Amino acid sequence: MNAHPVLSAADDGSPTMDIYRQFRGLIVSGQLGANERLPTVRQTASDLGVAPGTAAKAYKMLERDGLVVTRTAAGTRVAESASRLPLAVTRQIRDLVTEAEAAGVSPADVIDVLRVVWRSVAGTATESTTGGEASWASPNRSENETP
């Protein structure tokens with residue numbers, strides 16, 4: 001990573017969740033590698049125009065999920081054990097983004113469709129293994145968390 005990851009201003013969710021999701025995406029996609037340092041909480045808050053406490057909550061969520069480790073004097077760094085998406089999945093996502101941009105499709109529409117497809121596939125798998133009604137939420141994720 002260069003000096004700081006490129007984060008966008010908050011979208012339609014809470015600022016804390018927006019920051020969490022953006023860093024989580026950078027980590028699981030491999031754009032932020034193991035031991036790479038995140039900007040300070042204060043720098044992230046300044047860059048995104050939010051209160052330092054808001055950024056700090058997002059960092060705590062990342063730490064809770066095992067994606068980052070915070071140490072005094074060493075700052076917040078990506079955890080060695082932070083999971084990454086398989087390279088093939090990352091490539092397909094990049095191809096999807098490229099095609100969607102070329103077609104003039106909004107990111108929000110692509111994300112909404114991805115969530116619906118994800119849930120229907122996960123629901124089909126749950127339904128076939130349980131013999132019951134499909135579950136709309138992945139068993140390992142909260143409803144508000146992105147896959």
Side-chain angles (χ1 to χ4, degrees), residues 1-68 75-130 132-147:
M1 178 178 95
N2 298 340
H4 301 288
V6 177
L7 297 176
S8 61
D11 59 19
D12 60 348
S14 77
T16 300
M17 285 305 297
D18 291 335
I19 295 167
Y20 167 81
R21 286 181 179 138
Q22 289 180 63
F23 274 119
R24 184 178 187 280
L26 290 168
I27 293 167
V28 299
S29 70
Q31 293 179 57
L32 280 175
N35 293 317
E36 200 159 351
R37 191 172 183 164
L38 274 64
T40 65
V41 167
R42 190 170 293 175
Q43 183 65 52
T44 296
S46 174
D47 289 349
L48 298 176
V50 298
T54 299
K57 285 179 191 175
Y59 276 45
K60 288 287 184 198
M61 291 169 64
L62 293 164
E63 192 167 21
R64 176 203 66 203
D65 290 350
L67 296 170
V68 301
T76 301
R77 296 182 179 271
V78 176
E80 283 282 343
S81 61
S83 63
R84 294 185 178 191
L85 289 175
L87 186 57
V89 173
T90 302
R91 283 186 188 135
Q92 289 181 351
I93 291 169
R94 286 186 179 137
D95 290 345
L96 172 64
V97 169
T98 300
E99 287 186 38
E101 284 181 339
V105 178
S106 78
D109 287 344
V110 172
I111 291 167
D112 289 345
V113 170
L114 179 61
R115 283 189 176 123
V116 168
V117 170
W118 188 280
R119 289 175 181 157
S120 69
V121 169
T124 301
T126 302
E127 185 176 299
S128 66
T129 59
T130 64
E133 198 171 307
S135 169
W136 285 99
S138 172
N140 297 324
R141 299 189 192 281
S142 70
E143 186 66 24
N144 294 327
E145 188 177 335
T146 57

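Worth knowing before you read on, the calculation uses all heavy atoms, side chains too, and leaves out hydrogens, waters and symmetry mates. This structure is a prediction, so every number in the text was calculated from the model and none was measured.
Taking every heavy atom of both residues into account, A100 and V110 meet most closely at CB-CG2, 3.6 Å. Nearest heavy atom pair, residue P39 against residue Y59, reads O-OH, 2.6 Å. In terms of heavy-atom proximity, T44 sits nearest to A55 at CG2-CB, 4.2 Å. Shown here for P15 and V50, the closest heavy-atom pair between the two residues is CB-CG1, 4.1 Å. Of all non-hydrogen atoms in V78 and G33, the two that sit nearest each other are CB-O, 3.1 Å. Scanning all heavy atoms of the two residues, the minimum distance from R37 to G75 falls at NH2-CA, 3.7 Å.
To the nearest 0.5 Å, atom CD1 of residue I93 and atom CZ of residue R91 are 12.5 Å apart. The structure places CG of L114 at 7.5 Å from CG of L96, a figure rounded to the nearest 0.5 Å. Remark: D47 CG to Q43 CD distance equals 4.0 Å, nearest 0.5 Å. Rounding to the nearest 0.5 Å gives a distance of 14.5 Å between CZ of F23 and CG of D65. Here CZ of R119 is found 6.5 Å from CZ of R115. Values are rounded to the nearest 0.5 Å. Taking CD1 of I27 as the reference point, atom CG of L62 lies at 5.5 Å (rounded to 0.5 Å).
A side chain to side chain contact (heavy atoms under 4.5 Å, CB included) with V97 holds for exactly one of E99, E101, R94; it is E101. Applying the side chain to side chain contact (heavy atoms under 4.5 Å, CB included) test between L32 and each of L26, V68, L67 identifies L26 as the sole match. When E63, K57, R64 are each tested for a side chain to side chain contact (heavy atoms under 4.5 Å, CB included) with K60, only one passes: E63.
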